Asks: 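Quick one: the structure is below, questions incoming.
In what follows, chains are A, B, ... by sequence order, proteins preceding strands, each numbered from 1. Note that the coordinates shown come from a computational prediction; the quantities given were computed from them, not determined experimentally.
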2 protein chains.
Amino acid sequence: MPEPLTKRQKQIFNYLTHSIQQEGYPPSIREIGEALGIKSPRGVVGHLEALEKKGYLSRERGARTIKIKSSLGGRFPNRPQKQAGRFGENVPVLGAIAAGSPILAEENLEDHLLVDERFASGKNIFALKVKGESMLGAGILPGDYVLVRQQLKVENGEIAAVLLDDEATVKRVHCSKTTLRLVSENPAMAPIEVRENEKRVQILGKIVGVMRKL
Amino acid sequence: MPEPLTKRQKQIFNYLTHSIQQEGYPPSIREIGEALGIKSPRGVVGHLEALEKKGYLSRERGARTIKIKSSLGGRFPNRPQKQAGRFGENVPVLGAIAAGSPILAEENLEDHLLVDERFASGKNIFALKVKGESMLGAGILPGDYVLVRQQLKVENGEIAAVLLDDEATVKRVHCSKTTLRLVSENPAMAPIEVRENEKRVQILGKIVGVMRKL
DNA sequence: TTGACAAGTATACATTTGTATGGTATTCTT
DNA sequence: AAGAATACCATACAAATGTATACTTGTCAA
């Protein structure tokens, strides 16, 4: 049962785990201070002592020797190579999706995106670059990357990536007993209705995130 | 095709990977020397330089900043999420921004987000969680994180994070010679006009990215 | 009201750590 | 034979880094 942390202590701990994951080695006292806006080394040391006392980390003498305790449910160890993907996921970006082939096949792969774990939780996440303006009303613009969790079915009304006539698109899906209605969040575009067993459509997965670069 | 190592270089490299894995952080020059029976720091540095030249590792300035290259068949990475030279940035997430205080001050800091370097290029990037619906028309919804590059002025018509009456908001900024017009991308909300030297407004930076979790 | 704790600033100091200088050998290739 | 790379030593030095002292502020419980 881990001792509770204060809000500030949580921030420090959060930064530590992320930084170690990202760089491969722990930050120095002053680097921690710089990242969190603490101007005196002593201020940072106070937090480290508190975190150590509460059992969240340990320190050796010497520079950059913070160790995150792995006993905390094994959630925040600093053995980066054994905990790959706990703090960031390298998500594949798919280009044109060849019909029939497995979605994550090599020929579909275009790039990789580094995404915070909280945005790409779970396995089988991939990304698509949005082309049309069909989801304008849902705040999804052309050029955006959508993060997709691979699944065969989605709940009524959820936004999904759908393979429609060999073209990957993003649509809101309304399912009735026998049909799927693919609705564009754009008044200029009419809904598309198809029977569920038709081969024209295939649900690729649920949209779990959107990323835009301006 | 990794360049071949000498026997001694292999020993060094081996020790490095094992030590990083065991301790959680890289050894210092002298610790390497102690472990391998090299009595002069210079002796160790020579090996590190050779290993770096041959592409097995990289180093930053500062103590204990050796990074094993993960491109070598991915066998000994010490930062798993970065593949093939692709990097991520650890971006601070700001909460309520206290007026007057430096933007990145402690009281504003809420969390950290790991973001692909292509979304957070350059320095002084921070993130804000969007609260209102004022930028609906620009595809920015409440709950989204906007990535902000800190800068004092923005070009005409760009979307910016603005501190308005102690409240951080996202607005499209139109500048004339003497006034700033802050336009919401939402027909329900009227534009706000202020004189540039008024203290009510302060431009925090330009929006360079949007991230949404669904 | 006192006392503990959290959270910090400013400054000084000691240690750790990386870097640089100037050598010595050995092995290998040209 | 000359040059380059490997593989070291001893020592000095500077920069990075952790540590320590002293003081401030606010909160919260006894």
Side-chain angles (χ1 to χ4, degrees), chain A residues 2-16 19-20 23-68, chain B residues 3-16 19-20 23-68 92 95-96 98 100-102 104-111:
Chain A
E3 275 190 72
L5 297 179
T6 68
K7 189 183 166 193
R8 194 63 170 152
Q9 284 165 0
K10 265 181 211 156
Q11 287 174 3
I12 309 274
F13 190 70
N14 225 318
Y15 169 73
L16 282 178
S19 175
I20 290 172
E23 293 302 322
Y25 48 79
S28 70
I29 301 268
R30 281 167 185 82
E31 280 171 1
I32 299 170
E34 211 174 309
L36 299 230
I38 301 171
K39 282 164 194 165
S40 170
R42 192 60 191 78
V44 176
V45 170
H47 288 297
L48 294 183
E49 286 168 350
L51 286 169
E52 189 166 16
K53 195 174 149 200
K54 291 185 179 178
Y56 283 76
L57 52 81
S58 64
R59 297 159 73 206
E60 308 288 327
R61 50 185 87 73
R64 301 177 190 268
T65 55
I66 292 169
K67 292 180 189 179
I68 302 297
Chain B
E3 276 191 70
L5 297 180
T6 67
K7 191 181 166 191
R8 193 64 168 150
Q9 283 166 0
K10 262 180 213 158
Q11 287 175 1
I12 309 275
F13 188 70
N14 244 322
Y15 169 73
L16 282 177
S19 174
I20 290 173
E23 293 302 321
Y25 48 80
S28 71
I29 301 267
R30 282 167 184 81
E31 280 172 2
I32 300 170
E34 213 174 306
L36 284 272
I38 302 171
K39 282 163 194 167
S40 169
R42 193 60 192 77
V44 176
V45 170
H47 288 298
L48 294 183
E49 285 169 349
L51 286 169
E52 189 166 15
K53 195 173 149 198
K54 292 185 179 179
Y56 283 76
L57 53 83
S58 64
R59 298 158 74 206
E60 308 287 328
R61 48 184 93 69
R64 300 177 191 268
T65 55
I66 292 169
K67 293 177 185 179
I68 303 296
S101 71
L104 293 175
E106 26 83 21
E107 69 261 30
N108 305 332
L109 221 152
E110 233 176 41
D111 199 359

Asks: Which is true for Gly62(A) with a 4.0 Å heavy-atom rule: it touches a base, it touches only sugar-phosphate, or it touches nothing?
Replies: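 Answer is sugar-phosphate: Gly62(A) comes under 4.0 Å of backbone atoms only.
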Asks: Given atom CG of Leu51(A) and atom C1' of dA7(C), what is their separation to the nearest angstrom?
Replies: 13 Å
Asks: Check the distance between dT19(C)'s P and Arg64(B)'s CZ and give it to me in whole angstrom.
Replies: 14 Å
Asks: Grab the CD1-P distance between Ile38(B) and dT6(D) for me, whole Å please.
Replies: 14 Å
Asks: Within the pair His47(A) and dA7(C), is there a side-chain N or O less than 4.0 Å away from OP1 or OP2?
Replies: yes
Asks: On DNA chain C, does the nearest nucleotide to Pro41(A) precede the nearest nucleotide to Ala63(A) from the 5' side, or the other way round? Give the residue.
Replies: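 That would be Pro41(A).
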Asks: Counting just side-chain N and O atoms, does Arg8(B) come under 4.0 Å of either OP1 or OP2 of dT6(D)?
Replies: no
Asks: Under 4.0 Å between a side-chain N/O of Arg59(B) and OP1 or OP2 of dT19(C), yes or no?
Replies: yes
Asks: Could you check how far CD of Glu31(A) sits from P of dA15(D), rounded to whole Å?
Replies: 17 Å
Asks: Counting only distance, no hydrogens or angles, is the base of dA10(D) paired donor-acceptor with the side chain of Ser40(B) under 3.5 Å?
Replies: yes
Asks: For the residue pair Leu5(B) and Phe13(B), what are the closest heavy atoms and their distance?
Replies: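 For Leu5(B) versus Phe13(B), the nearest heavy atoms are CD1-CB, 4.3 Å.
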Asks: Check the distance between dC5(C)'s P and Glu49(A)'s CD and give it to me in whole angstrom.
Replies: 13 Å
Asks: What nucleotide among dA7(D), dA20(C), dG18(D) has an atom nearest to a side-chain atom of Thr6(B)?
Replies: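 From the listed options, dA7(D) comes nearest.
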Asks: Rounded to whole Å, how long is the line connecting atom CZ of Arg61(B) with atom C1' of dA14(D)?
Replies: 15 Å
Asks: Report, as yes or no, whether the 6.0 Å neighbourhood of atom CD on Gln11(B) holds more than 12 heavy atoms from other residues, nucleotides or ligands.
Replies: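 For Gln11(B), atom CD is crowded (more than 12 foreign heavy atoms under 6.0 Å).
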Asks: Kindly indicate whether the side chain of His47(A), heavy atoms from C-beta on, has any atom under 4.5 Å from the side chain of Ile38(A).
Replies: yes
Asks: Could you tell me which non-hydrogen atom of Ile68(B) sits nearest to which non-hydrogen atom of Ile20(B), and how far apart they are?
Replies: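 What the structure gives for the nearest pair is CG1-CD1, 3.8 Å.
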Asks: Round to the nearest Å and state the distance from Leu36(A) atom CG to dA7(C) atom C1'.
Replies: 12 Å
Asks: Hey, does Arg30(A) reach any base, or is it just sugar-phosphate, or nothing, if we go heavy atoms under 4.0 Å?
Replies: base
Asks: Report the residue (Pro27(A) or Ala50(B)) whose heavy-atom-nearest nucleotide on DNA chain D is the more 5′ of the two.
Replies: Ala50(B)
Asks: Expressed as a whole number of angstroms, how long is the span from Ile29(B):CD1 to dA16(D):P?
Replies: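 Spelled out: CD1 on Ile29(B) to P on dA16(D) is 15 Å.
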Asks: In terms of side-chain geometry, is the basic nitrogen of Glu49(A) or Arg42(A) positioned less than 4.0 Å from the acidic oxygen of its partner?
Replies: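 Yes, this pair counts.
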Asks: Would the base of dG8(C) count as contacting Arg42(A) through its side chain, where contact means a donor and an acceptor less than 3.5 Å apart?
Replies: no
